[in-house]
Amino acid sequence: HLWGANLRDANLSGANLWRADLSGANLWGADLWGADLSGADLSGAHLSGANLWGAGVVALGATPSGNALIYPTPDGWAMCVGCWKGSPDELRSLIGQEHGWPEAGTTAERARRRPYLALVLAHADLVMAEQPDLVPALAEKWGAS
């Protein structure tokens, strides 16, 4: 449990942080290249400047719904967009729906957010395509749930 820990500029390259509670942790500038972050709780973590590429965790940018993040798990790719969590396919499905949007109760607000979420998904698709072996490797190492 590293909740709220200050890991600023720490070298965590290759660290096993599987299912670690990193919520609210300060990871600003930390080197997390190759770290195993599958199942880690990164909600509210300060990730500005952190090197997460080799860990498979990629910040996809800010949207009206909140910051977007994609990360691998042994069961597949997962995403966070603001308070929403799910798979890329679940986000793709949500974009096409009129109901089930957290904090976007009006038709106009959903219409405003859709283009941003579509861009996030396009970026997520690129990340997944560039690292096709990451999820199977995690499943082999940790087993799918």
Side-chain angles (χ1 to χ4, degrees), residues 1-8 12 15-145:
H1 294 279
L2 295 169
W3 180 84
N6 183 357
L7 300 170
R8 182 179 176 166
L12 299 169
N16 180 358
L17 298 170
W18 182 66
R19 292 193 177 167
D21 181 357
L22 295 166
S23 55
N26 180 1
L27 297 167
W28 189 88
D31 182 0
L32 292 159
W33 192 90
D36 181 1
L37 294 167
S38 56
D41 181 357
L42 294 166
S43 59
H46 183 175
L47 298 168
S48 177
N51 177 3
L52 296 161
W53 182 255
V57 178
V58 178
L60 302 172
T63 76
S65 300
N67 290 323
L69 184 73
I70 186 169
Y71 54 95
T73 75
D75 296 317
W77 289 93
M79 296 181 72
C80 297
V81 182
C83 66
W84 180 90
K85 291 183 181 181
S87 72
D89 285 339
E90 289 170 328
L91 182 59
R92 209 174 314 277
S93 176
L94 179 65
I95 290 171
Q97 298 175 16
E98 284 302 316
H99 303 287
W101 286 66
E103 301 178 8
T106 67
T107 300
E109 185 58 23
R110 289 187 295 275
R112 183 174 84 87
R113 293 179 185 206
R114 275 190 177 99
Y116 291 94
L117 296 177
L119 285 171
V120 162
L121 276 172
H123 191 172
D125 288 340
L126 286 171
V127 169
M128 293 184 292
E130 286 186 349
Q131 301 184 70
D133 300 328
L134 193 51
V135 168
L138 289 174
E140 183 179 323
K141 183 174 182 179
W142 300 109
S145 60

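Quick caveat, the model's predicted, so the values are computed rather than measured.
Atom CH2 of Trp101 is separated from atom CD1 of Ile95 by 6.0 Å, given to the nearest 0.5 angstrom. Leu69 CG to Lys85 NZ: the interatomic distance, rounded to the nearest 0.5 Å, is 9.5 Å. Rounding to the nearest 0.5 Å places CG of Leu91 at 5.5 Å from CG of Leu117.
Across Arg114 and Gly96, no two heavy atoms sit closer than the pair NH2-C, 4.4 Å. Of all heavy-atom pairs spanning Leu94 and Gly100, the tightest one is CD1-O, 3.6 Å. Of all the heavy atoms in Val135 and Pro72, the pair that sits closest is CG2-CB, 4.1 Å. Of all the heavy atoms in Gly66 and Val81, the pair that sits closest is O-CG1, 4.1 Å. When all heavy atoms of Arg112 and Pro64 are compared, the pair lying nearest together is NH2-CB, 3.4 Å. The two residues Ala139 and Pro74 have their closest heavy-atom pair at CB-O, 3.4 Å.
Glu90 meets the side chain to side chain contact (heavy atoms under 4.5 Å, CB included) test with Trp84, Ser87; sequence neighbours excluded. Residues that satisfy the side-chain hydrogen bond (donor to acceptor under 3.5 Å, both in side chains) test with Glu103, not counting sequence neighbours, are absent from this structure. Shown here are the side-chain hydrogen bond (donor to acceptor under 3.5 Å, both in side chains) partners of Thr107, two or more places apart in sequence or in another chain: Arg110. Residues meeting the side chain to side chain contact (heavy atoms under 4.5 Å, CB included) test with Ala118, sequence neighbours left out: none. Partners of Thr63 by side-chain hydrogen bond (donor to acceptor under 3.5 Å, both in side chains), not counting sequence neighbours: none found. Taking Asn67 as the reference, nothing meets the side-chain hydrogen bond (donor to acceptor under 3.5 Å, both in side chains) condition, with sequence neighbours excluded. With sequence neighbours left out, Pro136 forms a side chain to side chain contact (heavy atoms under 4.5 Å, CB included) with no residue at all. Residues forming a salt bridge (Lys or Arg N to Asp or Glu O under 4.0 Å) with Arg92 (at least two apart in sequence, or on another chain): Asp89, Asp125.
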Requested in this report: List the steps, then state whether side-chain contact (heavy atoms from CB on, under 4.5 Å) holds for Ile70 with His123.
Outcome: CA-CA 9 Å; Ile70 186 169; His123 191 172; over 6 Å; no
